Amino acid sequence: MIFALTGTPGTGKTSVARMLSDIYDVRSVKEIAEENDCIIDVEDDSLVIDIDSLSEIVRQFRQLDIVIEGHLSHLLSPDVVIVLRCNPKVLKERLLNRNWSEEKIRENLEAEVLDVILVESIEEVDRVYEIDTTDRSVEDVAKIVVEIIEFEKRGIEAKNFKPGSVDWISVLGDEVDDFLRI
Ligand SMILES: Nc1ncnc2c1ncn2[C@@H]1O[C@H](COP(=O)(O)OP(=O)(O)O)[C@@H](O)[C@H]1O
């Protein structure tokens, strides 16, 4: 089975994937794209990837149990998608530590507020989970991901962490304008 670990940049995919790599075969979208010559371009330190070719390649992994980490992983025809979420106020602090342009940070915060990756995942795949990482340690998030994977490997839907629990617009209230290009 192919498990996609996705989410807006800064939500903790790399950190959680590092913990999972002791248990599962974990690959990043970036490394699979590099190994298979699927990188079209690099724009503002983001990769432009040939998603169709990469999806074809990823299909070969279906016989294995593999976790693919990256904010495009949900677009590679996985069996299950796990979306990490993070309160935009916390996410903003994390992204400010990257030498990204203000515009790029705002775009990513806007995407998190508007559930962009969750919506894309639901459009792509039936089995989608959503974990709010805001007040959880990396270890706790990794434990939840393992629980979901182990349930799904047995053909059982993990009842907790189904999409719909996160609503940043309500949480942010009047502050939401600060995170949207208004
Ligand atoms: N659950 C968490 N609690 C506290 N800090 C976290 C958590 N997850 C990630 N971080 C921190 O947030 C930053 C971004 O994490 P990272 O794993 O690089 O995110 P992504 O791979 O989604 O871009 C890192 O500094 C990391 O240490």
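The figures here come from the full heavy-atom set of this structure, side chains too, leaving out hydrogens, waters and symmetry mates. These numbers were taken from a predicted model, which means no experiment stands behind them. Each ligand, and each atom within it, is numbered from 1 in the order the structure gives.
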Answer yes or no: does an N/O atom from [X] fall short of 3.5 Å to an N/O atom of ligand 1?
X: Gly10; result: yes
X: Pro9; result: no
X: Glu69; result: no

In plain terms, say whether [X] and [Y] are close enough for a salt bridge, that is, a side-chain N and a carboxylate O under 4.0 Å apart.
X: Glu112; Y: Arg85; value: yes
X: Lys143; Y: Glu147; value: no
X: Glu69; Y: Lys13; value: no
X: Lys104; Y: Glu107; value: no
X: Arg106; Y: Glu103; value: no
X: Asp178; Y: Lys92; value: no

Subset of ligand 1 atoms that lie under 4.0 Å from at least one heavy atom of [X]:
X: Arg136; result: 1 (N), 2 (C), 3 (N)
X: Arg98; result: 14 (C), 18 (O), 19 (O), 20 (P), 23 (O)
X: Gly12; result: 8 (N), 9 (C), 15 (O), 16 (P), 17 (O), 19 (O), 20 (P), 22 (O)
X: Lys13; result: 17 (O), 19 (O), 20 (P), 21 (O), 22 (O), 23 (O)
X: Ser15; result: 9 (C), 15 (O), 16 (P), 17 (O), 26 (C)
X: Val138; result: 1 (N), 2 (C), 7 (C), 8 (N)

- Message: Do Trp168 and Asp132 have side chains that approach each other closer than 4.5 Å (heavy atoms only, starting at C-beta)?
- Response: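 In short, these two side chains touch, coming nearer than 4.5 Å.
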
Is any side-chain heavy atom of Val113 less than 4.5 Å from a side-chain heavy atom of Val176?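 Answer yes - side chains close enough.
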
Atom 10 (N) of ligand 1: protein heavy atom closer than 4.0 Å?
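Within 4.0 Å of atom 10 (N) of ligand 1, protein heavy atoms are found.
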
I'd like to check atom 6 (C) of ligand 1 in this structure: does the protein have a heavy atom lying under 4.0 Å from it?
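Protein heavy atoms within 4.0 Å of atom 6 (C) of ligand 1 - there is at least one.
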
**Message:** I need the contact type for Ala17 against ligand 1. Using non-hydrogen atoms and a strict under-4.0 Å cut-off, is it side chain, backbone, both or neither?
**Reply:**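 No part of Ala17 comes within reach of ligand 1.
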
Exercise for the section: May I ask you to identify the nearest protein heavy atom to atom 21 (O) of ligand 1, giving residue, atom name and distance to one decimal place in Å? Expected result: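 In this structure, atom 21 (O) of ligand 1 has Thr14 OG1, 2.5 Å as its nearest protein heavy atom.
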
So, using side-chain hydrogen bond (donor to acceptor under 3.5 Å, both in side chains) as the criterion, who are the partners of Asp50 when residues are at least two apart?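 Counting only residues at least two positions away or on another chain, Asp50 forms a side-chain hydrogen bond (donor to acceptor under 3.5 Å, both in side chains) with Ser53.
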
> Mind checking whether Ser137 has a heavy atom under 4.0 Å from ligand 1?
Replying inline: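 In this structure, Ser137 qualifies as a contact of ligand 1 - some heavy atom is under 4.0 Å.
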
Problem set entry | Best match, Glu93, Glu139, Arg94: closest heavy atom to atom 2 (C) of ligand 1 |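 Among Glu93, Glu139, Arg94, the closest heavy atom to atom 2 (C) of ligand 1 comes from Arg94.
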
Looking at Phe61, does the NZ or CZ of Arg27 lie under 6.0 angstrom from its six-membered ring centre and within 45 degrees of the ring axis?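 Yes, a cation-pi geometry holds between Arg27 and Phe61.
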
